[in-house]
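The structure appears right after this line, and notes come after that.
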Amino acid sequence: MSDERCDTPWDTLRRLVDTASTGELLIASDAVEIHVYLLDGRLAWATSSTAHNEFLRRLVEHHGISSDVLRDAIEDGRRTRGRLGETLIAWGVASAAQIRDALRGQIEEALVTAIAHPGARCLFLPHRLPYAAELTFELAGLAVDAAAAGRRSDIAHRVVSAVLEGVPDALWVEVVERGEVVAHAVRETARAVAVVDGLQRALADRAIDALTLRRTVHGSVLGRRLPGLPAVVWCAVGSSAPLGVTSAVLASAVGALHQAPDGDGADEPWHETVDPAARFGASMIAGATRGRDELVAGFALGLRGGPTGVWRGSPGIDVHVGWAHRLAPLLAAATRDAASRSIGALIYDRVALRAVIGRVAYYGALLPDSATAVWLVLRTWASQGLGWALLQTVARQVGGDS
């Protein structure tokens with residue numbers, strides 16, 4: 001299992017600066033188009049489709065340069081292919097300090113927009129154009145942090161609104177950034193503090209992109225990391241809500257990149273492992289898993305014993321078992337919480353977990369004996385309905401339920 005993660009536009013820009021690159025960085029999504037030109041790792045100019053021309057606005061409003069003069073300079077630049085800022089300096093209309101101030105404002109506006117769209121795709125086109133070095137900027141000298149913080153707040157509220165609109169069954173929605181709720185909305189019931197806090201701590205592991213805690217009686221809680229930001233969007237839904245649809249809405253709201261299906265893994269050989277202390281064999285799990293291309297592994301894991309199950313491909317079973325051990329405390333805590341409720345004595349609230357890690361999703365359920373957990377590993381493009389249904393089937397087989 002690969003832990004390779006997609007760079008955000010900000011990550012890409014910093015890498016280009018660190019390598020003293022020269023060329024144009026294109027940043028694009030359905031909502032924004034940004035162009036940034038670098039000269040030997042310094043920023044020469046940047047534009048954003050979501051902002052007005054900050055460079056011209058500053059020259060007019062902050063430095064008193066008339067629109068007529070700017071129009072003449074632009075026309076001259078079209079004839080001579082000269083740079084507008086350099087032309088204005090050569091004409092004696094603007095000083096180098098004024099041009100730098102206007103350029104700085106436009107570049108900072110574009111960079112803040114890039115930070116606000118961490119899911120946008122990037123393409124770098126290396127090519128060299130002649131720019132005056134004294135009119136370029138170091139990335140470290142640009143003021144983007146404060147403005148980006150305000151933009152992140154806007155993003156959080158926009159995500160909450162998008163999830164509420166896309167999930168009619170949502171009971172509440174919130175965005176948590178560095179442990180603080182920065183945006184929220186409530187339809188029917190307040191957040192389950194203990195449940196969310198436990199899941200939030202799990203997402204401190206940045207290898208985990210999404211978590212779903214499914215409960216048959218008390219409803220489910222879903223979380224999705226905002227790409228490139230230290231924030232997570234959480235949504236609670238009732239027990240009958242379609243979790244696959246809710247997960248898709250969360251992914252769309254945060255701008256998560258869609259992952260295409262992997263190549264066909266049907267030709268990968270299956271392997272088996274059996275814990276000698278287990279009361280069941282690998283065949284108990286193999287029958288439900290081996291016929292599915294979406295399945296990567298399926299195994300049962302005792303609290304103290306080793307795994308019993310099947311797997312294929314790379315990595316081996318040990319990596320999947322390692323993740324199961326790391327996720328198991330979430331299952332145990334949620335199961336204890338469900339059993340402690342008054343309804344727990346009358347109705348068994350089956351608790352299950354889904355965690356997206358790289359290109360696979362882990363589905364886990366703790367059996368009623370609380371000593372064994374069943375885990376399935378599916379590719380992320382697989383139907384969640386299939387994942388939950390297979391998990392329930394395997395759990396019944398292993399647990400001896402009717």
Please lay out, stage by stage, how L199 and V232 fare under the test side chain to side chain contact (heavy atoms under 4.5 Å, CB included). CA-CA 10 Å; L199 295 174; V232 179; over 6 Å; no
Per side-chain contact (heavy atoms from CB on, under 4.5 Å), F299 is matched among T308, I317, T273 by I317
How many angstroms lie between atom SG of C235 and atom CG of L171, to the nearest 0.5 angstrom? 7.5 Å
Has R14 got more than 12 heavy atoms of other residues, nucleotides or ligands less than 6.0 Å from its CZ? no
Using modelled atom types only, decide if a donor and an acceptor are shared between the side chain of T393 and the backbone of A389 within a distance under 3.5 Å. yes
Can you tell me how far CG of L135 sits from CZ of R42, rounded to the nearest 0.5 angstrom? 10.0 Å
Go through the steps for L301 and T372 under the test side chain to side chain contact (heavy atoms under 4.5 Å, CB included), then give the verdict. CA-CA 6 Å; L301 190 64; T372 306; over 6 Å; no
Please test T212 against R354 for side-chain hydrogen bond (donor to acceptor under 3.5 Å, both in side chains), starting from the C-alpha separation and ending with a verdict. CA-CA 5 Å; T212 298; R354 177 180 185 264; 4.8 Å; no
Assess whether ring pair (Phe, Tyr, Trp, His ring centres under 6.0 Å) is satisfied between Y363 and W388, documenting all intermediate values. CA-CA 7 Å; Y363 292 76; W388 295 118; 5.1 Å; yes
Looking at F137, is R104 sitting on its ring face, NZ or CZ under 6.0 Å from the six-membered ring centre and within 45 degrees of the normal? no
Given side chains that start at C-beta, do those of L243 and R214 come closer than 4.5 Å, heavy atoms only? yes
Using modelled atom types only, decide if a donor and an acceptor are shared between the side chain of R225 and the backbone of D209 within a distance under 3.5 Å. no
Using residues 176-184 as the side-chain source, report each donor-acceptor pair under 3.5 Å to any protein atom, sequence neighbours left out, with the distance given to one decimal.
from	atom 1	to	atom 2	distance (Å)
E177	OE2	R152	NE	3.3

Contact summary for A286 and V310, nearest pair of heavy atoms: CB-CG1, 3.8 Å
D11 side chain to T8 backbone, donor-acceptor under 3.5 Å: yes
Qualifying residue, where the test is side-chain contact (heavy atoms from CB on, under 4.5 Å) with F55 and the options are T47, I107, I99: I99
Check: E109 main-chain N/O paired with T113 side-chain donor or acceptor under 3.5 Å: yes
Closest contact, heavy atoms only, G387 versus L378: CA-CD2, 3.9 Å
Check: S252 side chain, V249 main-chain N or O, donor-acceptor pair, under 3.5 Å: no
For the pair W323 and Y362, name the ring-plane relationship: parallel under 30°, tilted 30 to 60°, perpendicular over 60°. tilted
Spatial distance of atom CG (L203) from atom CG (L211) [nearest 0.5 Å]: 4.5 Å
Report yes if some heavy atom in the side chain of V173 is under 4.5 Å from a heavy atom in the side chain of V167; otherwise report no. no
Please determine if D101 and R58 form a salt bridge, counting it only when a charged side-chain N lies under 4.0 Å from a carboxylate O. yes
Cationic tip of R83 above Y131 ring, under 6.0 Å, 45° of axis: yes
So, does Q106 use its side chain to make a donor-acceptor pair with the main chain of A46 at under 3.5 Å? yes
For W381, does the six-membered ring have the charged nitrogen or CZ of R379 within the cation-pi criterion, i.e. under 6.0 angstrom from the centroid and within 45° of the normal? no
Non-neighbouring partners of S247 that pass side chain to side chain donor-acceptor pair (under 3.5 Å), sequence neighbours left out: Q384
Take Q98 and L88, measure what side chain to side chain contact (heavy atoms under 4.5 Å, CB included) needs, and give me the verdict at the end. CA-CA 10 Å; Q98 290 173 326; L88 292 173; over 6 Å; no
Could you walk me through whether R15 and T12 satisfy the side chain to side chain contact (heavy atoms under 4.5 Å, CB included) test, starting with their C-alpha distance in whole Å, then the side-chain angles of each, then the deciding distance to 0.1 Å, before giving a yes or no? CA-CA 5 Å; R15 185 175 66 252; T12 301; 3.9 Å; yes
